[in-house]
Colleague: 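Dropping a structure here in structure tokens format, bear with me for questions.
Excluded from the calculations below are hydrogen atoms, water molecules and symmetry mates; all remaining heavy atoms, backbone and side chain alike, are included. None of these values were measured; they are calculated from a predicted model.
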Amino acid sequence: MKEDFLKYQAQTTPNPLGLEVSYAKGSYIYDSQGNAHLDFVAGVSACGLGHCHPKVVHAIQKQVEKYMHVMVYGEYIQKPAVTYTKLLASLLPAPLESTYMVNSGTEAMEGALKLARRFTGRSQIVAAHGAYHGNTMGSLSIMGYEDRKSAFRPLLSDIRFIHFNSLTDIQKITEKTAAVVLETIQGGAGFIVPKDDYLQKVRERCNQTGSLFILDEIQPGFGRTGKLFAFEHYNCSPDILVMGKAMASGLPVGGFTASREMMATLQNNPKLGHITTFGGNAVIASACLATLREITDSTFMLDTLVKEKLLRKLLKHHLIQEIRGKGLLLALIMETGELANYVVLECAKRGLILFWLLFEPKAVRISPPLTITEQEIQKGCAVILEVLTAYEQ
């Protein structure tokens with residue numbers, strides 16, 4: 001299987017981890033030899049309710065028996081998507097009421113960028129150094145990391161960059177700016193949280209200049225930080241909300257939400273301003289609905305903050321310089337990139353799944369399912385501490 005994997009399936013790195021998956025359940029992934037691997041990554045934050053949550057699986061199975069794909073997005077009335085988007089609107093601040101469902105987070109960002117330019121009639125997009133919003137051409141254009149972009153230029157024009165958390169850089173947002181795009185918590189850069197009312201001040205500057213504020217909640221959204229969306233912690237709300245990953249508990253999906261007035265501009269001049277075949281797919285939307293109901297009807301969101309405290313309490317070691325992030329979106333910052341690499345690979349040998357971050361080589365990702373138990377957290381942290389002790393011997 002590994003030989004065929006390397007030969008026939010396109011790879012993204014020269015040395016993939018190569019775990020051969022048999023099945024997954026709860027907080028564990030099981031390999032083809034039957035070994036259990038405790039998952040502290042949750043499919044890079046996508047499996048917020050763990051693997052194969054029974055309510056989500058039931059919703060998928062129930063919908064599959066009725067119909068799957070019937071028509072391109074927006075033409076037929078399909079109950080799962082309508083019910084989902086209505087529930088989502090009820091949980092968001094006004095005027096975030098109209099959601100366009102797509103197939104991934106990066107597609108949602110592409111739609112948000114188009115919508116911002118269409119609605120404002122402006123072209124300039126302001127993004128942040130160290131930002132990651134996906135890898136399609138528009139998302140790549142606003143990535144704040146040149147080493148990942150240079151091979152694919154030319155990209156979108158009229159992009160400007162500011163430094164995340166820099167209050168002076170906010171003045172670079174002007175009347176020429178169509179939209180400012182920020183991650184609520186910077187992911188690839190090392191789970192950097194906003195400070196000194198930064199997001200609120202960006203919101204105020206956007207109001208002054210008539211620019212739209214786009215927040216990327218693809219990673220921190222759907223309960224991972226203790227709120228449904230992380231922006232709720234920071235006394236601000238976006239004009240366009242971009243989401244994905246945990247939205248459907250592991251199925252491919254994304255979405256962007258704005259006012260009905262704003263979203264209507266994609267209907268005319270030109271018509272079909274944004275289209276997709278599989279966006280709003282009934283099976284995916286059923287998984288989204290079951291996921292959102294479970295997150296909001298349970299204590300999982302509140303529990304993330306308790307579990308964060310436990311992780312921070314247990315993961316004390318002089319080789320860990322700091323723990324960044326919020327809720328169950330955390331990064332261990334090690335002394336060196338070599339040590340971070342060692343921790344990820346050595347923990348994998350001991351049955352604990354950790355991962356890296358894109359742009360911070362000293363970081364080790366910890367983003368387990370919201371459903372992870374305190375006992376599983378204790379078990380995983382014990383493995384990390386054992387590995388750090390072994391590194392010094």
Side-chain angles (χ1 to χ4, degrees), residues 24-29 38-63 79-93 96 99 101 105 184-185 217-234 241 243-251 253-255 257 283-314 325-330 353 366-381:
K25 190 75 172 176
S27 300
Y28 288 89
I29 297 175
L38 179 57
D39 189 358
F40 262 35
V41 176
V44 190
S45 304
C47 302
L49 294 179
H51 298 284
C52 296
H53 190 284
K55 291 184 179 179
V56 179
V57 171
H58 176 72
I60 293 167
Q61 291 173 333
K62 187 176 179 181
Q63 181 58 44
K79 185 177 179 180
V82 174
T83 306
Y84 175 70
T85 53
K86 182 179 179 179
L87 176 59
L88 184 62
S90 74
L91 298 167
L92 291 171
L96 296 173
T99 298
M101 296 182 71
T184 310
I185 296 174
E217 288 267 358
I218 294 169
Q219 283 208 73
F222 296 98
R224 186 156 287 281
T225 67
K227 300 281 189 180
L228 186 59
F229 293 101
F231 72 79
E232 298 175 67
H233 292 288
Y234 301 110
L241 174 66
M243 65 199 87
K245 287 197 184 293
M247 193 172 170
S249 294
L251 294 188
V253 69
T257 302
V283 179
I284 304 293
S286 295
C288 289
L289 181 59
T291 298
L292 186 57
R293 283 174 171 166
E294 183 66 8
I295 290 172
T296 54
D297 290 346
S298 68
T299 63
F300 291 140
M301 282 193 285
L302 291 176
D303 292 345
T304 61
L305 301 179
V306 175
K307 293 169 183 178
E308 176 192 358
K309 289 180 181 179
L310 179 59
L311 282 159
R312 290 182 180 275
K313 176 183 177 181
L314 293 173
K326 193 172 186 66
L328 291 179
L329 190 69
L330 302 175
I353 298 173
I366 294 182
S367 57
L370 308 190
T371 53
I372 194 168
T373 67
E374 292 189 3
Q375 291 76 20
E376 289 166 341
I377 290 174
Q378 292 168 349
K379 179 180 177 181
C381 289

Colleague: Of all residues at least two apart in sequence or in a different chain, which pass the ring-ring contact (aromatic ring centres under 6.0 Å, His included) check with Y84?
Modeller: none
Colleague: Can you check whether T225 reaches T184 side chain to side chain, under 4.5 Å on heavy atoms?
Modeller: no
Colleague: Of all the heavy-atom pairs spanning M243 and I218, show the shortest one and how long it is.
Modeller: C-CG1, 3.9 Å
Colleague: Please identify each residue that fulfils salt bridge (charged side-chain N to carboxylate O under 4.0 Å, His left out) with K55, with sequence neighbours left out.
Modeller: E294
Colleague: So L49 and S249, do their side chains get closer than 4.5 Å, heavy atoms only?
Modeller: yes
Colleague: Output the distance between atom CG (L91) and atom NZ (K86), rounded to the nearest 0.5 Å.
Modeller: 12.5 Å
Colleague: CD1 of I353 to CD1 of I366: how many Å apart, nearest 0.5 Å?
Modeller: 13.0 Å
Colleague: For the residue pair L87 and S90, what are the closest heavy atoms and their distance?
Modeller: O-OG, 2.6 Å
Colleague: Could you give the distance from CG (D303) to CD1 (I372), rounded to the nearest 0.5 Å?
Modeller: 12.5 Å
Colleague: Could you give me the CA-CA distance, side-chain angles and deciding distance for Q219 and I185, then say whether side chain to side chain contact (heavy atoms under 4.5 Å, CB included) is met?
Modeller: CA-CA 8 Å; Q219 283 208 73; I185 296 174; over 6 Å; no
Colleague: Contact between T373 and S27 at the side-chain level, heavy atoms closer than 4.5 Å - yes or no?
Modeller: no
Colleague: Check whether any side-chain N or O of T85 sits under 3.5 Å from a backbone N or O of V82 as a donor-acceptor pair, and report yes or no.
Modeller: yes
Colleague: For a 4.5 angstrom cut-off between non-hydrogen side-chain atoms, does Y28 reach H51?
Modeller: no
Colleague: Hey, does the side chain of S367 reach the backbone of V41 with a donor-acceptor pair shorter than 3.5 angstrom?
Modeller: yes
Colleague: More than 12 heavy atoms of other residues, nucleotides or ligands under 6.0 Å from CD of Q378: is that the case?
Modeller: yes
Colleague: Please name the pair of heavy atoms, one in C52 and one in A24, separated by the smallest distance, quoted to 0.1 Å.
Modeller: SG-O, 3.5 Å
Colleague: Under 6.0 Å from the NZ atom of K307, do we count more than 12 heavy atoms belonging to anything else shown?
Modeller: yes
Colleague: So do the side chains of K62 and H58 get within less than 4.5 Å of each other, counting heavy atoms only?
Modeller: yes
Colleague: Any side-chain heavy-atom pair from F222 and L370 closer than 4.5 angstrom?
Modeller: no
Colleague: Check A248 against A287 and note the closest heavy-atom contact, atom names and distance.
Modeller: O-CB, 3.8 Å
Colleague: According to salt bridge (charged side-chain N to carboxylate O under 4.0 Å, His left out), who are the partners of R293, at least two apart in sequence or on a separate chain?
Modeller: none
Colleague: Could you walk me through whether L251 and V56 satisfy the side chain to side chain contact (heavy atoms under 4.5 Å, CB included) test, starting with their C-alpha distance in whole Å, then the side-chain angles of each, then the deciding distance to 0.1 Å, before giving a yes or no?
Modeller: CA-CA 10 Å; L251 294 188; V56 179; over 6 Å; no
Colleague: Atom CD in E217, atom NZ in K245: separation rounded to 0.5 Å?
Modeller: 13.5 Å
Colleague: Compare all side-chain heavy atoms of L292 with those of L228 and state whether any distance is below 4.5 angstrom.
Modeller: yes
Colleague: Should S45 and R224 be marked as a side chain to side chain contact (heavy atoms under 4.5 Å, CB included) after you check the CA-CA gap, both sets of side-chain angles, and the distance that decides it?
Modeller: CA-CA 8 Å; S45 304; R224 186 156 287 281; 3.8 Å; yes
Colleague: Determine the minimum heavy-atom distance between G26 and P369, stating which atoms define it.
Modeller: O-CG, 4.4 Å
Colleague: What heavy-atom pair brings C288 and V253 nearest, and what distance separates the two atoms?
Modeller: SG-CG2, 3.9 Å
Colleague: To the nearest 0.5 Å, what is the distance between CG (L328) and CD1 (I377)?
Modeller: 6.5 Å
Colleague: Taking atom CG of L311 and atom CG of L330, what is their separation to the nearest 0.5 Å?
Modeller: 6.0 Å
